[in-house]
Colleague: 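Have a look at this one before I ask anything.
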Protein chains: 2
Amino acid sequence: MKLGQATIKDIAKELNVSLSTVSRALKDYPGISSETKRKVKELAEKLNYRPNAIALSLRKSKSFTIGVIIPEVVHFFFSTVISGIEEVAFANGYNVILCQTNEKLQRELSSIEAMLDNQVDGLLVSYSKETEDFEHFTKLLKQNFPIVFFDRVPEIENTVNVTVNDFKGAYDATSHLINQGYKNIAHLAGPKNLTISRKRLDGYLAALQDHSIKQNPDWIIPCPIGTQEESFNFTKKLFENGKIKPDGIFASNDIAAAGAMMAVKSLGLKVPGDVGIVGFSDWQFSSMIDPPLSTVSQPGFQMGEKAISLLLEMINKKKDEIWSPKTVVLETELIIRKSSEKINKI
Amino acid sequence: MKLGQATIKDIAKELNVSLSTVSRALKDYPGISSETKRKVKELAEKLNYRPNAIALSLRKSKSFTIGVIIPEVVHFFFSTVISGIEEVAFANGYNVILCQTNEKLQRELSSIEAMLDNQVDGLLVSYSKETEDFEHFTKLLKQNFPIVFFDRVPEIENTVNVTVNDFKGAYDATSHLINQGYKNIAHLAGPKNLTISRKRLDGYLAALQDHSIKQNPDWIIPCPIGTQEESFNFTKKLFENGKIKPDGIFASNDIAAAGAMMAVKSLGLKVPGDVGIVGFSDWQFSSMIDPPLSTVSQPGFQMGEKAISLLLEMINKKKDEIWSPKTVVLETELIIRKSSEKINKI
DNA sequence: AACGTCACCGCAATCGATTGTGTTAATTTT
DNA sequence: AAAATTAACACAATCGATTGCGGTGACGTT
């Protein structure tokens with residue numbers, strides 16, 4: 001109303017026909033004379049008529065809106081995923097409602113409530129670090145409400161997920177360090193309750209094992225907060241206190257890797273050479289730091305595209321059709337830069 | 001319906017009362033016995049009743065949704081602004097619909113259409129690089145539709161804007177370089193049709209003038225694309241071709257600054273020392289590159305907060321009240337890091 | 001006994017659009 | 001000429017909630 005937008009009623013009144021005639025004329029239904037159709041369409045054009053999406057949503061119980069729940073917007077990987085989501089949504093006439101949880105469970109819960117109130121047709125979720133119970137998701141899934149989880153996927157049944165191959169990414173990164181001559185590799189791990197953290201840890205461990213390197217529990221350092229400062233401090237401690245010092249670091253994300261790199265450099269050690277470092281995610285800055293950081297790139301944009309494509313499929317199924325649980329795994333790519341160059345090259 | 005969500009009708013039928021009674025009971029209207037209120041509320045609780053926001057939107061011609069139109073999601077500054085927007089929106093019970101234009105005018109136009117169809121209560125806009133005509137905005141503004149422009153604000157009348165003090169930021173950055181001993185300063189400028197580019201250019205020029213340094217038109221290099229490669233190439237050319245070479249670079253954004261830094265280093269020049277560099281925006285990576293980049297930080301989060309606060313004010317005015325045009329200017333802060341250290345310190 | 005008051009609640013219009021089911025009138029069929 | 005068909009349109013229910021107004025009893029008042 002604020003826009004004084006013309007409605008079907010305005011057209012009907014102006015032309016002295018009924019609402020239904022206008023509605024049908026606009027959509028070329030049979031049973032309306034071509035003369036009437038012409039007049040209706042002309043007037044609609046003239047009044048700049050545009051159907052009220054809210055009214056349609058109410059009528060059809062479908063909002064053409066999907067909700068996206070992510071931990072943080074200001075995060076290179078997640079913003080890339082959002083970008084992919086937005087592209088496909090836009091191309092398909094869907095709207096994207098965004099909520100960030102700031103890694104808080106409480107916020108996750110209320111965001112979901114808000115989105116359901118707004119009748120979103122489905123949800124794309126990457127849950128928060130605090131989330132350990134998935135009741136709020138299973139409740140919805142039981143009611144056949146479409147949800148696709150991406151990146152951080154819960155270990156519950158009958159879900160549709162999109163992840164990257166975290167295990168292989170971590171395995172490749174660690175193996176790469178080993179092949180470059182770095183044998184004493186520490187791991188800066190992510191929060192324990194995230195599947196991705198565990199998978200990356202597993203990949204790291206598997207790589208060590210396959211190269212007959214014994215793991216050192218002291219060298220697996222969880223970084224629950226995820227800031228650069230955190231990894232800087234942990235890395236500094238690790239190198240200052242240990243009897244045997246690591247000569248390689250595989251970090252579960254680039255921020256941690258960058259912090260570690262600074263810590264190592266601040267101790268007068270050379271990267272690469274004294275210490276080789278590989279991160280995870282290929283953030284924008286990773287190629288710009290000194291030395292440029294080797295890392296495992298995740299196809300964020302594709303992940304977004306894939307996730308929403310799956311969601312749209314689910315949404316557009318007949319309501320009696322049940323979708324089958326599945327997990328799409330996207331492959332990572334090891335990006336080799338200077339930070340992991342061979343020891344003897346230096 | 002997908003959720004089998006309970007409606008007011010369900011409650012009414014179950015309790016054998018009318019719809020209006022249920023509605024009023026739920027909102028503690030007078031004229032309903034406390035006994036009835038109790039029963040209604042109990043059943044509502046039991047059925048997990050939640051009002052249908054779509055129905056409310058239709059009834060009230062208000063969707064509690066605002067649209068955000070930005071050039072790119074994967075952009076540190078913009079994602080920070082989004083974060084600020086989302087926080088305030090969430091706190092006030094508003095939803096945020098997001099569209100990115102990818103710097104395309106066509107996309108901007110259709111995004112606005114889509115948002116209006118969805119009855120957003122207002123728009124937050126940072127327009128695309130392609131946008132030179134603002135007809136699509138003035139049309140809405142004439143109809144008193146609430147719009148707040150942020151960062152990239154159009155030079156048209158009667159708008160409400162939030163910007164940073166680009167002029168002063170640029171002036172400070174350039175003056176800083178001069179004070180550090182760098183007198184021959186080139187400027188990597190932004191796209192010409194953006195006000196922010198012009199303001200930053202003006203600040204740069206004013207600083208030169210105030211220090212009695214003559215400007216060199218060849219040293220003002222527009223970077224319309226905005227990639228690191230672009231500024232890398234332009235900077236390289238600049239240093240290879242010029243007779244007199246610059247010893248300072250003020251870039252209108254950090255990406256360009258980073259590209260310039262790489263170009264300068266690739267030519268064997270030292271940063272700082274041979275060349276001092278200052279960027280603009282304080283991207284996440286700026287403190288991590290080598291040398292850490294001096295830059296002008298923009299309060300993105302605050303900008304988002306302020307922009308949506310203004311928008312909500314406008315939305316909640318009585319419809320006959322007219323808001324007055326205004327521009328809120330947020331101050332920048334010069335962040336001094338190593339890339340602009342004094343010449344003689346080296 | 002007749003009337004007023006008040007508590008409590010229901011009816012129906014409304015928001016904008018869709019759609020199944022009438023209802024006309026003209027046209028065709030027999 | 002009467003009956004059947006059909007084109008072209010209107011009516012009204014519907015989606016879920018809100019809200020002005022009207023209605024119905026149970027009281028008290030005079």
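Computed from a predicted model, the values in this text were never measured in an experiment. We name chains A, B, ... by the order of the sequence lines, and we start the count at 1 in each one.
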Colleague: If you compare every side-chain N and O of A/Ser23 against the phosphate oxygens of C/dT18 (OP1, OP2), does one of them come in below 4.0 Å?
Modeller: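 Result: yes.
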
Colleague: Mind checking the CG-OG1 spacing from B/Leu141 to B/Thr159? Nearest 0.5 Å is all I need.
Modeller: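 So the CG of B/Leu141 and the OG1 of B/Thr159 are separated by 7.0 Å.
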
Colleague: Could you report the tightest heavy-atom contact between B/Val96 and B/Ala89, atom names first, then the distance?
Modeller: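 The pair with the smallest heavy-atom distance is CG2-CB, 3.5 Å.
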
Colleague: In whole angstrom, give the distance that lies between atom NZ of B/Lys13 and atom P of D/dG16.
Modeller: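 Those two atoms, NZ and P, are 11 Å apart.
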
Colleague: Quick one: does any side-chain atom of A/Asp121 pair with a main-chain N or O of A/Phe64 as donor and acceptor, under 3.5 Å?
Modeller: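 Checked: pair present.
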
Colleague: Can you find a side-chain donor-acceptor pair between A/Gln119 and A/Ser57 that sits under 3.5 Å?
Modeller: no

Colleague: What is the separation between atom CG on A/Asn52 and atom C1' on D/dC15, rounded to the nearest whole Å?
Modeller: 13 Å

Colleague: If I take atom NZ in residue A/Lys9 and atom P in nucleotide C/dT18, what distance separates them, rounded to the nearest angstrom?
Modeller: 14 Å

Colleague: Between D/dA17, C/dT18, D/dT18, spot the one nearest the side chain of B/Ala55, thanks.
Modeller: D/dA17

Colleague: What is the separation between atom CG on B/Asn118 and atom P on C/dA17, rounded to the nearest whole Å?
Modeller: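 About 13 Å, once rounded to whole Å.
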
Colleague: Round to the nearest Å and state the distance from A/Asp10 atom CG to C/dC15 atom P.
Modeller: 10 Å

Colleague: Between C/dA17 and A/Tyr49, is there an OP1 or OP2 to side-chain N/O distance shorter than 4.0 Å?
Modeller: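 True: A/Tyr49 side-chain N/O within range (under 4.0 Å) of C/dA17 OP1/OP2.
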
Colleague: Figure out the CZ/C1' separation between A/Arg59 and D/dG16, and round it to whole Å.
Modeller: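 Rounded to whole Å, this separation is 12 Å.
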
Colleague: So, is B/Lys27 close to the D/dT18 phosphate, meaning a side-chain N or O under 4.0 Å from OP1 or OP2?
Modeller: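 Checking B/Lys27 against D/dT18: at least one side-chain N or O falls below 4.0 Å of OP1 or OP2.
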
Colleague: Which value, rounded to the nearest 0.5 Å, describes the distance between B/Leu98 atom CG and B/Met115 atom CE?
Modeller: 6.5 Å

Colleague: About how many Å separate CG of A/Leu58 and CG of B/Leu58, when rounded to the nearest 0.5 Å?
Modeller: 6.0 Å

Colleague: When the C1' atoms of the five terminal pairs at each end define the local axes, what inter-axis angle does the helix from C/dA1-D/dT30 to C/dT30-D/dA1 show, to 10 degrees?
Modeller: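 Nearest ten degrees gives 80° for this helix.
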
Colleague: Is B/Glu42 atom CD crowded by more than 12 heavy atoms from other residues, nucleotides or ligands, each under 6.0 Å away?
Modeller: yes

Colleague: Any heavy-atom pair between the side chains of B/Leu123 and B/Phe145 that's under 4.5 Å?
Modeller: yes

Colleague: Could you give the CD1-to-P distance, from B/Ile11 to D/dG16, as a whole number of Å?
Modeller: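 Atom CD1 in B/Ile11 sits about 13 Å away from atom P in D/dG16.
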
Colleague: Using a 4.0 Å cut-off on protein heavy atoms (strictly under), produce a 5'-to-3' string for nucleotides 7-12 of chain D with B for base contact, S for backbone-only sugar-phosphate contact, and - for none.
Modeller: -BBBB-

Colleague: Going by heavy atoms in the side chains, are A/Ile315 and A/Lys62 under 4.5 Å from each other?
Modeller: yes

Colleague: Round to a whole Å and report the spacing from CG of B/Leu58 to C1' of D/dC15.
Modeller: 9 Å

